[in-house]
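Chain letters run A, B, ... following the sequence lines, proteins first and then strands; every chain starts at 1. Quick note: numbers below take in every heavy atom, side chains included, and nothing from hydrogens, waters or symmetry partners.
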Amino acid sequence: MKKIEAIIRPEKLSEIKAALATAGFIGLTIYDVKGRGRQKGIVLSYRTSEYRVDLLPKTKIELIVNDEDVEKVVDIICDLGKTGNMGDGKIFILPVEEVIRVRTHERGKDAI
Amino acid sequence: MVAAIVSIMAIPALAGEAGAIDTGDTAWVLVCAALVMLMTPAVGLFYGGMVRKKNVLAILMQSFIILALISIQWVLFGYSLAFSPDTGYGFIGGLHWIGLNGVGAAPNPDYAATIPASVFMIFQAMFAIITPALITGAFADRMKFSTMMVFSVIWSTLVYDPVAHWVWGTGGWIRDLGALDFAGGTVVHITAGISAFVAAIIIGKRLEHGIDNMAPHNVPMSIIGGILLWFGWFGFNAGSALGANGLAANAFIVTNTAAGAGALTWTIVSWMHGGKPNALGIVTGAVAGLVAITPASGFVGPVSAILIGIGAGVICYFAMHIRTKKTQIDDSLDVMACHGVGGIWGAIATGIFASAAVNSAGVDGLIYGNAGLVLIQLKAIAAVLVYSIVMTVIILKVLDATMGLRVKDEHEVEGLDVSQHGEKAYV
């Protein structure tokens, strides 16, 4: 089992979320986050003062999948999340030791 | 006892029985007083959008308390000091009209022959109220509320009231000099702008100036403030005709025209100079145009108004650019660049563009062959600048030594809304 943490552009969320659901990945958790990477930041200008904003708003998706499903999810996120510009985000894949469903106490694959 | 109180209270009403009151003029000036009243909370909104979200209630509160304080100060003694008969030397009025004693339904032909003196008084009250409110932008985010209250009343009494008397009061020395200020470019905007600048220097910059992101927290709020200012300014300038007549219509038209020219010019200049045309900029440009047309609105025509608005857009933009880029002076919301510099430009422009054809009570300016008017305007500007600087320094130094000007450092960082007022704007 793997945990997929994907940082994406906020405006790409609905498309990716819908595609994941169609592919059978219903359960996920979404966070509004701020961060920086190669996109650097933007300069806002108010009258004669400029302010550099180097933490940009992004959306983070977290979901737990079986090992064999990892590439499917990665493909969906990359295909739909890509604009080709800096700031499209990153995907992290982490090992997961155990998953337990609170309602039934099921463990492992059955709990995903 | 009761009878005595009743008779005192009745004095203003009894004072005026005679006089040729024009109901149209009276209605117009009353409505204009209400329009100008709206401008003070509008200043609060204009400024409120520009501060960080931890200080928005504090600055809205400052405008509002000034509205309350000067409403009282004006009827108690402010109006008397500014407009009652001169006590000699053209410096200040007397105490003849304290508590509005004798200010009633009868017109005072020295100021306005066709409306009750009481109507002129309440119209003027709104000008006295907005002027100290303009200053609050200079010391935003760090001024102690109690000191700000005391400052506003003392400043209004020692700076606004005398200068209003000089320029508008019967026997006032600038009025007798022949300087023109139709609706308060000098009395309101120059006094407020320069005093704000002095205050910003004396109180010192915000702790987080140049460190934290000081970006405006709510630009739409500033835009709402700007819209209400533009709207209220029709009362400010067209009301200053003190009658529902052609002069009021002229003031209305040139006010609208100059606001448009200022907004357009600021947008274009900042677009060419800095990058993008932005919303806070266009509103600021409109305010700059409105400030500049204020002293001229009863003396110039529409084409002159366009030139005055364009001048305001360019001059105020670069004044603000220099303040932010070349100095460390934290006139936080640029009261000097907008009102001080815009007011000075407007006063000079009045000397340049004034036309006796627009207003027979006025005189011709530079472009109609009377260069002397510009000199008179410059004299008036210089006197008001020097007086405002000296008095504001004295008032603030005394208050600094007695009450203290700034909140504690930790309160400033926490934000004035919570530390001074125990409230949060947004939960």
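Looking at B/M214, both its backbone and its side chain come within 4.5 Å of chain A, counting heavy atoms on both sides. With a 4.5 Å cut-off on non-hydrogen atoms, B/V219 touches chain A through its side chain but not through its backbone.
The 12-atom threshold is not exceeded at CZ of A/R36, counting heavy atoms of other residues, nucleotides or ligands nearer than 6.0 Å. Within 6.0 Å of atom CG in A/D110, more than 12 heavy atoms from other residues, nucleotides or ligands are found, so the atom counts as buried in its surroundings. No more than 12 heavy-atom neighbours from other residues, nucleotides or ligands sit within 6.0 angstrom of NZ on A/K17.
From A/R47, atom CZ reaches atom CG of B/N278 across 10.0 Å, with rounding to the nearest 0.5 Å. Taking OH of A/Y46 as the start and CG of B/L280 as the end, the distance is 8.5 Å to the nearest 0.5 Å.
Remark: A/A23 pairs with A/F25, A/I76 by the side chain to side chain contact (heavy atoms under 4.5 Å, CB included) rule, at least two apart or across chains.
In terms of modelled atom types and a separation under 3.5 Å, the side chain of B/K325 and the main chain of A/T48 share a donor-acceptor contact.
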